Protein chains: 2
Amino acid sequence: MSTAEETTGGEIEPWEEVTPDAARRLLVAAVEAFAERGYHATTTRDIAGRAGMSPAALYIHYKTKEELLHRISRIGHDRALSILRTAAAGEGDATGRLADAVSSFVRWHAGRRTTARVVQYELDALGPDARAEILDLRRQVDAEVRGIIEDGVASGEFAVLDVHGTTLAVLSLCIDVARWFNVDGPRTPDEVGALYADLVLRMVGAAK
Amino acid sequence: MSTAEETTGGEIEPWEEVTPDAARRLLVAAVEAFAERGYHATTTRDIAGRAGMSPAALYIHYKTKEELLHRISRIGHDRALSILRTAAAGEGDATGRLADAVSSFVRWHAGRRTTARVVQYELDALGPDARAEILDLRRQVDAEVRGIIEDGVASGEFAVLDVHGTTLAVLSLCIDVARWFNVDGPRTPDEVGALYADLVLRMVGAAK
DNA sequence: GCCGAAGGTGAGCGGCCGCTTAGCGTGCCT
DNA sequence: AGGCACGCTAAGCGGCCGCTCACCTTCGGC
């Protein structure tokens, strides 16, 4: 119904890169609808209606309904990846960088839950080509987190037996926030980010 | 195309409680279809086809397509809850019981990934009444895990600041296995169960 | 003041959706 | 042998789906 919550970090309003204005309104409407009902249960009439337009207007800016999902997924993954890259490229030790990465990644999944839900859970609705493109971005996400954990193991900060498995678990934990997080619930995105950073440091055996 | 993998534990073939035979075949077909494509993208013609029947046959055994999802969700949650209850009621200390609970819960989500996917991710497709019934089961699932963690804190085995938040994270970690686990991947359900039990014990600060 | 491009609409097409109905085959009860 | 309950199918209904098309505005350039 509005663009209220803002705990993600620097960005004031996302999707500003999408132009013209009508195309952005349609995309924002699609994000909301896909997050609420899922891609397949959302109709093009619903999307256009939320954007205050007729059903036909959608096809001036997007070739198909799937292209909308593709664009959302692409932009969302780019954003998630850049959040992780910023944290991973920080100057502190592995412990601090992992805590940064997890807390900011979680803050995004909680604060931008609507977007994150679509990005993380509607992947299967994409066709083979778009799907492959997104999966490649996911591998880069995985590599960023794994890199920090490997650094920590090499420096002796972390005690991890299965680096790949632990990386998977850390990412899985963060991503699933988008499924259960409730804006009206008792926790703020910042609080969940702090809690999860602590839990993840425990998982890798970092000194407190 | 068959019921191959078996790492869940005692059960040989699930859904045996569903009778008559045709109703069970339809239900198994629905589980496969829902897990592959999602509830809304699955057609009644597809379900009936997989079960080797005509579309109309479905409505002899089930009132609507949603009733199929409801039955699947109900049986799946009952099974998940009974797995956790068995572990929680064990005789060991909290550390052992939590490790048991996590490893068996994860084994189920990995080994019975098809079912778990439907159970955990298609909840929103249910109507209000069925949804409320399932949400009640989820609260019981949460209570079982929280109970073990509270026991461990009381006995001094665990060092946990936020019991509710940690419970949420532990369950979230286990449940998300159903999203990423790949039967053709490098890990067996048993291996993931063991890895996750170790990670969770670290999360609660249990002595190794 | 005219013109074409850009962005929008109302109506509607072909098709697939969930679900229903009339009727058919089969096997058990008497 | 007759009857009938049960499980199932073929056909199809009403409706909504993604998407298209013919047409209508608005507006900057000359």
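Remember, predicted model here, so these are calculated numbers, not experimental data. Numbered from 1 within each chain, the chains take letters A, B, ... in sequence-line order. The analysis underlying the following values was restricted to heavy atoms, covering all of them including side chains, and did not include hydrogens, waters or symmetry mates.
Spacing between atom CG of L26(A) and atom C1' of dG7(C) amounts to 12 Å, rounded to whole angstrom units. The interatomic distance linking Y62(A) (OH) with dG7(C) (P) rounds to 13 Å, in whole Å. Distance, Y59(B) OH to dC19(C) P: 4 Å, rounded to whole Å.
Using a 4.5 Å heavy-atom threshold, the side chains of N182(A) and R187(A) count as separate. Taking the side chain as every heavy atom from C-beta outward, T115(B) and W15(B) approach each other to under 4.5 Å. Residues F34(A) and T114(A) form no side-chain contact, since every pair of their non-hydrogen atoms from C-beta on lies 4.5 Å or further apart. The side-chain heavy atoms of D162(B) and E191(A), taken from C-beta on, include no pair separated by under 4.5 Å. Between D176(B) and Y121(B) the shortest side-chain heavy-atom distance falls below 4.5 Å. Between R131(B) and D124(B), some side-chain heavy-atom pair lies under the 4.5 Å cut-off.
Think of the region where chain A sits on DNA chain D: with heavy atoms and a 4.0 Å cut, that region ends 5' and 3' at dC17(D) to dC21(D).
For A57(A) and H40(B), each mapped to the nucleotide of DNA chain C holding its nearest heavy atom, the one lying further toward the 5' end belongs to A57(A).
Listed by residue number, the members of residues 41-54 of chain B with any heavy atom below 4.0 angstrom from DNA chain D are R45(B), M53(B), S54(B).
Of the side-chain N and O atoms in H61(A), none sit less than 4.0 angstrom from OP1 or OP2 of dA6(C).
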### Task
Begin with the C-alpha distance, continue with both residues' side-chain angles, and end with the deciding distance and a verdict on side-chain contact (heavy atoms from CB on, under 4.5 Å) for L126(B) and E133(B).
CA-CA 10 Å; L126(B) 289 173; E133(B) 177 194 323; over 6 Å; no
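Of the inter-residue distances, the one linking T188(B) atom OG1 with F181(B) atom CZ reads 7.0 Å to the nearest 0.5 angstrom.
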